[in-house]
J.: 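The structure that follows is given in the form of structure tokens.
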Amino acid sequence: AQTVTQSQPEMSVQEAETVTLSCTYDTSENNYYLFWYKQPPSRQMILVIRQEAYKQQNATENRFSVNFQKAAKSFSLKISDSQLGDTAMYFCAFILGGSQGNLIFGKGTKLSVKP
Amino acid sequence: NAGVTQTPKFQVLKTGQSMTLQCAQDMNHEYMSWYRQDPGMGLRLIHYSVGAGITDQGEVPNGYNVSRSTTEDFPLRLLSAAPSQTSVYFCATRGGFSEGFGYFGPGTRLTVT
């Protein structure tokens, strides 16, 4: 069975600084996808970034980037130039490739950006 | 496009009562699912469906029923509510991976007293 582990329940960062959220996963499969979701206090789940396992290049979306280490099964999220609006829960998620896969979530990291 | 809609947004039930959480989508996605979110537990899959007439259990299915008679709707039924079912419930659909995957409804906060 696949598992996703986020080892940092809470983190804080000063506005404009950089923060990295950790995520590790476990699978014996080769075809899978990884995601980071943001959940602000509004409760809405927002997709931040995604990574296909077969791609070696790390995904980037504006201030958000990932460090994908396939051999180590690690998928960390780096937020640059942190903004107050980045304050949220962040969830790492995994899904096997193919039409039958279900999203598996980590327990989340609560990020607070301080002014 | 409304995307994924859920009703109600909030609900309080007494132990033993039954209710149905509604989920509807207008994106013609075959895949729909229900998750519950509890503090410190992340999101856990309750039930999912890969098309009309097809449903299956997720990680935490006990106490919940689902059915899928149309592509658009995927209701979640609590047959006899228990305090352990106090949670936030999310309905989610899935498009293709190239679409970014994972369209979530706004959630329903359910309290069982």
Side-chain angles (χ1 to χ4, degrees), chain A residues 1-10 21-25 29 31-55 59-62 64 66 88-110, chain B residues 2-6 8-11 23 25 27 29-51 54-61 66 74 87-111:
Chain A
Q2 288 75 34
T3 59
V4 177
T5 301
Q6 294 179 250
S7 58
Q8 305 149 316
E10 291 192 39
L21 309 183
S22 300
C23 173
T24 58
Y25 59 95
E29 305 290 334
N31 180 19
Y32 56 87
Y33 299 76
L34 295 159
F35 306 85
W36 278 98
Y37 286 88
K38 172 185 177 181
Q39 186 183 43
S42 67
R43 209 167 65 199
Q44 182 68 46
M45 293 289 287
I46 303 165
L47 177 64
V48 174
I49 198 166
R50 69 180 186 274
Q51 175 80 43
E52 294 90 338
Y54 62 85
K55 288 188 177 178
T60 62
E61 288 287 343
N62 300 315
F64 298 88
V66 298
M89 285 289 292
Y90 286 83
F91 293 97
C92 180
F94 168 101
I95 189 168
L96 288 176
S99 61
Q100 302 297 316
N102 295 308
L103 268 177
I104 300 168
F105 287 87
K107 294 185 178 181
T109 296
K110 184 177 181 181
Chain B
V4 181
T5 58
Q6 289 183 237
K9 286 197 168 65
F10 300 94
Q11 183 71 48
C23 174
Q25 54 108 354
M27 297 173 286
H29 287 163
E30 293 293 330
Y31 179 95
M32 297 184 74
S33 57
W34 279 100
Y35 287 86
R36 60 176 289 173
Q37 182 181 12
D38 303 292
M41 299 296 293
L43 282 80
R44 293 180 292 169
L45 183 66
I46 304 172
H47 285 285
Y48 66 98
S49 168
V50 296
I54 307 169
T55 64
D56 206 347
Q57 296 181 349
E59 181 186 354
V60 287
V66 293
F74 190 44
S87 187
V88 177
Y89 292 85
F90 286 96
C91 179
T93 74
R94 195 182 77 198
F97 294 110
S98 62
E99 296 176 47
F101 199 97
Y103 298 83
F104 285 81
T108 295
R109 180 175 292 279
L110 175 68
T111 302

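Lettering of chains follows the sequences in order, A, B, ..., and the numbering in each one begins at 1.
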J.: Is there a donor-acceptor pair under 3.5 Å between the side chain of B:Tyr35 and the backbone N or O of A:Leu103?
T.: yes
J.: Given a strict heavy-atom distance threshold of 4.5 Å, which part of B:Arg44 is in contact with chain A: side chain, backbone, both, or neither?
T.: neither
J.: Would you please name every residue forming a side chain to side chain donor-acceptor pair (under 3.5 Å) with B:Ser49, sequence neighbours left out?
T.: B:Arg68
J.: Inspect the surroundings of NZ in A:Lys38 and state if more than 12 heavy atoms from other residues, nucleotides or ligands are less than 6.0 Å away.
T.: yes
J.: Is chain B contacted by the side chain of A:Gln6, its backbone, both, or neither, given a heavy-atom distance below 4.5 Å?
T.: neither
J.: Please state whether the side chain, the backbone, both or neither of B:Glu30 comes within less than 4.5 Å of a heavy atom of chain A.
T.: neither
J.: Among A:Arg43, A:Gln39, A:Gln44, which residue meets the side chain to side chain contact (heavy atoms under 4.5 Å, CB included) test with B:Phe104?
T.: A:Gln44
J.: Is B:Leu43 close to chain A through its backbone or its side chain, or both, or neither, when contacts mean heavy atoms under 4.5 Å?
T.: both
J.: Please examine the side chains of B:Glu59 and A:Asn102, heavy atoms only from C-beta on, and report whether any two atoms are closer than 4.5 Å.
T.: no
J.: Sequence neighbours left out, what passes side chain to side chain donor-acceptor pair (under 3.5 Å) with B:Thr93? Give chain and number order.
T.: B:His29
